[in-house]
Amino acid sequence: MYGLGMVRGMGVTFKNLVLPSRQFAVQYPNRKISLLELARENDTNAISFAVNNPIQAIKALTGFAEVPVRLDQHSRFRGEEFAWYEQRCTGCASCAKFCPLGIIKIVTDTSGKYEQDGGKYDIEVFDIDIGRCMFCGLCVQACPYDALHMGSGFEEGVYSRNDLVIDIERLKAAPKKPSTWYRPQIESQNFDPQSGDTREYLDVGRHERPSQDQQVDRWANR
Amino acid sequence: MSFDQLYNLLDRFVPESIDWIVFTVTALILSLAVINAMVLCTALYTWFERRMLGRFQSRIGPNRWGPFGLLQPIADVIKLLVKEDVIPVVADKAVFTLAPVVLLVPALVVFIVIPFGEQSFLGKLNVGVLFILGVTGVNTLAIIMGGWASRNKYALFGAMRGAAMLISYEVPMALSLIGVIILAGSISLADIVSSQGIFYILVQPLAFLVFMAAASAEMSRAPFDMIESESELGAGYHTEYSGIKYAIFQLAEFMAPLVTAAVATVVFLGGTKGIDPIPGQVWFLLKAFSVVFVLLWVRATWPRLRVDQIMGFAWKGLFPLSVINFFVVAVEMFALQEPDGTVTNQSMMIMVGINWVVMVVSIVVIATVLGQGKLQHKLPPQPSSLANMAASEGD
Amino acid sequence: MAIKTEPITINMGPQHPSTHGVFRLRVTFDGEVVVDVEPVFGYLHRGTEKLAEERTYVQIVTLTDRLDYTASMSNNLAYVRSVEKLGGIEVPERARYLRVICAELQRIASHFISIGFMLQELGAFGTPLMYCFRERERILDLFEMLCGARITLSYMRPGGLIQDAPEDFWPALSILMESMPEYIDDLEGLVTSNEIVLARTRDVGIISPELAVNGSVTGPMLRASGVQWDLRKANPYEVYDRLEFDVPIGYQGDTYDRYLVRVQEMRESLRIIEQCVEQIPEGPIQSEAPFFVRPPVGDVYDSIEAPKGELGFYLVSDGGISPYRCKIRAPSFINLTLLKDMLVGWKLADLVVIFGSTDVVLGEVDR
């Protein structure tokens, strides 16, 4: 009314300028740090810090000192690298069958000699092409042995598109930080993939391995 | 330090016959000082604007280069300098190159007559307001030059509209300043400053509002930045410009708020008048800074008006308001002035009372005439008889 | 003496800051006034319906995420409801309530995008847009808690949801519910009573109720014209018949009414979520539907009230693990029927604002 609505809008903008709870931006991946903050982190005051570490102080004053920033991320985040446990994987290729895009390639046992019935296949090729992956998690949902889990990172950028295919050596060697998406057993352990530690293959399964008697009960005495 | 003082200082070292050298050297020194100071201030203002707009929008502005991002304007200039300077083949080269300069020079020239202290750089110029109004009218020419020289149908289209807007808003701007001139009794800026017993923003609030609105439109800042939104569909007048010519356009555009702030401070906010221990120049800077902040705040908040609404607002809104202000002040001056032509502070207090009431009443009246009634936002919903869900809930 | 003028045709090309995606509009102007409009779209066509014929029913959920990519939960919901109707699959109660919570949260997020971009096109230099996106981030953080992703969610499966909400979801949801009304009030204070917004959007782009119904328009565009039609009340699905909420309608169907209807819908969504949080029972989150669902031979059409309108899936099954045909009734595409009627006769600057208020997402239009 008569220009008062516009003034009210200006009040809203001013409120957002002033209140710190409305400032939402997070600087990523590095945050600029000032001299006072650096000194406070080292539990000294600014002057003694500047005297002891002159180079860092000059960098902070000219605006070139940075600290890395870790974003808040839920443990269920569907990340880009996959956590694959070769001790659990049997080569059944359910994940490959269930992927909507068909980006998982599994080749097993081309030598033709099989283990005894009920054993695992010898997996020779296990490629996941994360250049075309949409991280939907259907492969993780399909895995009956809890061998494949979603990862928790998002910084898998490389300089060549061919490097985006994760091969079996990389999957075996990577530190395993599985996301708790569709894995309630890992979530009940309160595992946070961002905390830096990993999970071993014995801890990620849904069931306990049944004892010999239970196996006999289940299969032989049906 | 004004031109005369510097001239007299240097004149002692030089024999009489080559006085013109002293004149030239003084002029060069002053120009250098003013241009450097203003360009640096504009660079600082671009940094301030980007950081402040960021904070208004709950994000951080540029903060990568230098402490708090202070070297960002330098990075911008370097980027624009190394770009290729493209001139269209069919363009009119001389006019094309001159257009940015024609936009920049008036903005720089205005600062010579602003009184920072007792007198301005040019001494006690006694036609200050007229000088400012005349010089700032040149930006219309620069826009038309830019649009014409580009030989681009859409640039010309946009430039013509911009020119129409700029010409329409000169009238309310001049009329609002006339109200102040009547009260001060002189068109010299130094006299206007010294005659402000009570700051004129309090004595003539209507003139202040009209001046700020008209000046925002002259600078084509929000909510009147229709010239830039032309690039949604048509093209702005500076489409064909790249590299350093574009940088000069941007420089002139960002210098405009500083010019407006300086003029508004002198005319309405009392210039260098202030409480004593703090020097007058610091008060001037504080007042100009607050005007700049308000302009920035407005830019962050309001959307832009449509072309026909802008023209309607100028001729049907601001022009009547400025004429009303002019008449009311003239009648008050006639009734309240002392025999020697000045106005005492008590009379100004009476004027404060009358003018605020006049402002509220006239804004209400003009707004109603302009169609305030159509801008209702709480209209009752009108359910139509088609597709009534209440009927289908039975089954 | 009349000046001879001639209309010009301008191409608002596929890449354009104001066209909400890759949408091409050939506009003919006579001076300032729009005389003719010809939309050209298809730049984002990815063959979703054909791809759906080669995927299993659970894999199609990932395809439906990407239809209206600003409202992924609603797309999922419409699709899995169709599959459940076709296959006769039961859904437990807890899953139904959680689905409604997700759909309403997604409605708020989608309306934030719509309002933010409409104001960006009015020229408000990004401030309302940034506020809307800031609030939407909080909702996307909740979605990350539920299913690990923010925008392309694939959270629903035929038979329920894929995973129950974690423990820290409910406190976070209640924090959001407490603070959201204040943010919507802020946004309204910035926009609703602003005279410049009113001057630009009042009486602009009016659609009469008859025209809207004849043009098969649904969603907030229809309700802004005054037609009371919301599928949540007309054919209640999930648990909407147990919830109390109002359906806002508008005064005359102009651009401002569409904005106002969307803001009021956001407030009603908050009411719905509150009631769901009170009423939600414990229980399983998914009925045991098999991976490779094989519905019996037949066809079904089911639709929900998505944020943009009525989103429906027509599925034809031949008894196998993939559908024989999957046809998507996309609301943004059908709402574009009235584009010419809405735009002709208005000025250049109004064109962008009216188009923004129709809230078109090209992922849905082109599929």
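Each chain gets a letter, A, B and so on, in the order the sequences are listed, and its residues count up from 1. Reckoned from all heavy atoms, side chains included, excluding hydrogens, waters and symmetry mates.
Other residues, nucleotides and ligands contribute over 12 non-hydrogen atoms within 6.0 Å of the NZ atom of Lys172(A). Heavy atoms from other residues, nucleotides or ligands lying under 6.0 Å from CZ of Phe48(B) number more than 12. The 12-atom threshold is not exceeded at CZ of Phe319(B), counting heavy atoms of other residues, nucleotides or ligands nearer than 6.0 Å. Within a 6.0 Å sphere centred on CG of Asn36(B), heavy atoms belonging to other residues, nucleotides or ligands number more than 12. Within 6.0 Å of CZ on Phe327(B) lie no more than 12 heavy atoms contributed by other residues, nucleotides or ligands.
When the candidates Trp65(B), Phe68(B), Trp302(B) are compared by the number of heavy-atom contacts under 4.5 Å with chain A, Trp302(B) comes out ahead.
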Legend entry - Verdict with reasoning, Gln27(A) to Asn63(B), per side-chain hydrogen bond (donor to acceptor under 3.5 Å, both in side chains): CA-CA 10 Å; Gln27(A) 301 188 48; Asn63(B) 68 340; 2.9 Å; yes
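Within residues 135-144 of chain A, no residue has any heavy atom closer than 4.5 Å to a heavy atom of chain B.
Here Arg55(B) contributes atom CZ and Thr13(A) contributes atom OG1; the two are 14.0 Å apart, rounded to the nearest 0.5 Å. Distance check: Ser58(B) OG to Arg22(A) CZ gives 9.0 Å after rounding to the nearest 0.5 Å. Atom CG of Leu17(A) is separated from atom CZ of Phe56(B) by 4.5 Å, given to the nearest 0.5 angstrom.
At least one side-chain heavy atom of Arg64(B) sits under 4.5 Å from a side-chain heavy atom of Glu66(A).
Ring pair Phe14(A)/Phe293(B) is perpendicular by interplanar angle, where above 60° counts as perpendicular and below 30° as parallel.
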